[in-house]
Student: 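Encoded as structure tokens, here's the structure I'll be asking about.
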There are 2 protein chains.
Amino acid sequence: MARLIDEGKIQRIKLATIQLVVQNGYGGASISSIAKRAGVAEGYLYRFYSSKQELVTELLYSQVARIVGKLESLLNTCTSTREVMTQLIGELFRMGTETPEEIRFIYVLMHDYNFQVSDLQRQHIKGLIDKVISIGIANGELNSRISAEEAYGMVIIYPIEFINLRMKGFFGIKEWTTEEQNRVAEFSINALK
Amino acid sequence: MARLIDEGKIQRIKLATIQLVVQNGYGGASISSIAKRAGVAEGYLYRFYSSKQELVTELLYSQVARIVGKLESLLNTCTSTREVMTQLIGELFRMGTETPEEIRFIYVLMHDYNFQVSDLQRQHIKGLIDKVISIGIANGELNSRISAEEAYGMVIIYPIEFINLRMKGFFGIKEWTTEEQNRVAEFSINALK
DNA sequence: GGAATATGAATGAACAATCATTCATTTAAT
DNA sequence: ATTAAATGAATGATTGTTCATTCATATTCC
């Protein structure tokens, strides 16, 4: 073996990509700007990713996987919809405070018509949402006529929208309290009743 | 006066811009591709817009104004929150069937960190949302603790998200029925109770 | 232990293509 | 003839991608 791959560089590339996609959108985040910010040669990115599209897609995939994975594990441990939703929304807010760029990144790309989540991931999400619904109905927590879209809307989309609305300071405020976080969870739970 | 300005060309530029921003995002929609699709010379755009940013911003502004204007007029004629929300959501779905590209365009740009709606427009929206809330509370239709963000979330964001989720076929289906449209309205109204 | 070699990590100049923007020129209406 | 609409070639910068080259280090041999 010769030199070892510098994991720090890959990490810096990922971080720079996330930041620049958030800041300038996919089309506005150029390879050269990413490489410059990461402190890495331009061509170096192509050792790990065959194209810009692949780089961003893979990053989106893994970021989404974090949320989907959390939901999946919650469904294995929690017995009520309230618990699942409170915990998941807690995780989203945690991302919002600890790694704000990452939740912004998901937010930006999930609304980009170029970046559909993969079919597999989508099916996975659909299955998990169905499970949330069936637990909720069994417990009498959810209206029995709730659709997957409605549940998805309140479990995933609404909290992400709330967090990003705050980050943008759309209504003036840019931070949130634990109370407000709980209110988001309560609101989502309530909407599905 | 010499030649008259061909309004059709301006219209074609607007249409092409909307379509290409939806398809490729802001960064991916180039002036040359817009001009080509509009059947217009590249430099021609600069007679009316000083930059690409201005072109897109102005288009976003007028599209948002359509929705905001509708909400405003509804608040002057309707006496209940139910009526306001049902009608507004009706308008959004109408856009979805009649001019799908336009609601996609709003959807894409409202989630782009480069395209904050203007402060003025945002204040205007805030005022209208507050009015929705006060009518709802006065009528006993809304929970008295509903926040502006919650109302905005269910009156504007949720329906737009629903429509675009459908357009993307996220859960398989790509169309919607009048019944489903009413369900979205009912769901939104219910969430604010 | 120390020098030679082999490996592959990392570089960045160079590619054609495309970018947003400009402006001298042409076209068409009064 | 005059005036402004409309053109599209031209500009220099930047795009995503490639690849010959450099350089650091792990391994091998004496």
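Below, chain A is the first sequence line, B the second, and so on; all start at residue 1. It should be emphasised that the depicted structure is a prediction, and the values quoted were computed from it without experimental measurement.
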Student: Please report, rounded to the nearest Å, how far the C1' atom of dA6(D) is from the OH atom of Tyr49(B).
Tutor: 16 Å
Student: Ignoring hydrogens and geometry beyond distance, is a side-chain donor-acceptor pair present between Asn164(B) and Tyr113(A) at under 3.5 Å?
Tutor: yes
Student: Decide, yes or no, whether a salt bridge links Arg166(A) with Glu149(B) under the criterion of side-chain N to carboxylate O below 4.0 Å.
Tutor: yes
Student: Do the numbers put Lys52(A) on top of the ring of Tyr26(A), so that NZ or CZ is under 6.0 Å from the six-membered ring centre and no more than 45° off the axis?
Tutor: yes
Student: Flag the pair Phe162(A) / Phe187(A) as yes when their ring centroid distance falls below 6.0 Å, and as no otherwise.
Tutor: no
Student: Between dT22(C) atom C1' and Leu45(B) atom CG, what is the distance in whole Å?
Tutor: 13 Å
Student: Measure NZ/Lys36(B) against C1'/dC19(C) and give the value in whole Å, please.
Tutor: 13 Å
Student: Salt bridge check, Arg104(A) against Glu101(A): does any charged N sit closer than 4.0 Å to a carboxylate O?
Tutor: yes
Student: Could you give the CD1-to-C1' distance, from Ile34(B) to dT7(D), as a whole number of Å?
Tutor: 18 Å
Student: Along nucleotides 15-20 of chain D, 5' to 3', which nucleotides get a B, which get an S, and which get a -, given that the test is a protein heavy-atom distance under 4.0 Å?
Tutor: SSBBB-
Student: Output yes when at least one side-chain N/O atom of Lys9(B) is less than 4.0 Å from OP1 or OP2 of dT7(D), else no.
Tutor: yes
Student: Let me check something: any side-chain donor-acceptor pairs from residues 60-69 of chain A under 3.5 Å, sequence neighbours excluded? List them with distances.
Tutor:
from, atom 1, to, atom 2, distance (Å)
Ser62(A), OG, Leu59(A), O, 3.0
Arg66(A), NE, Glu91(A), OE2, 3.2
Arg66(A), NH1, Glu102(A), OE1, 3.4
Arg66(A), NH2, Glu91(A), OE2, 3.4

Student: What's the CG-P distance between Asn24(A) and dC19(C), to the nearest Å?
Tutor: 17 Å
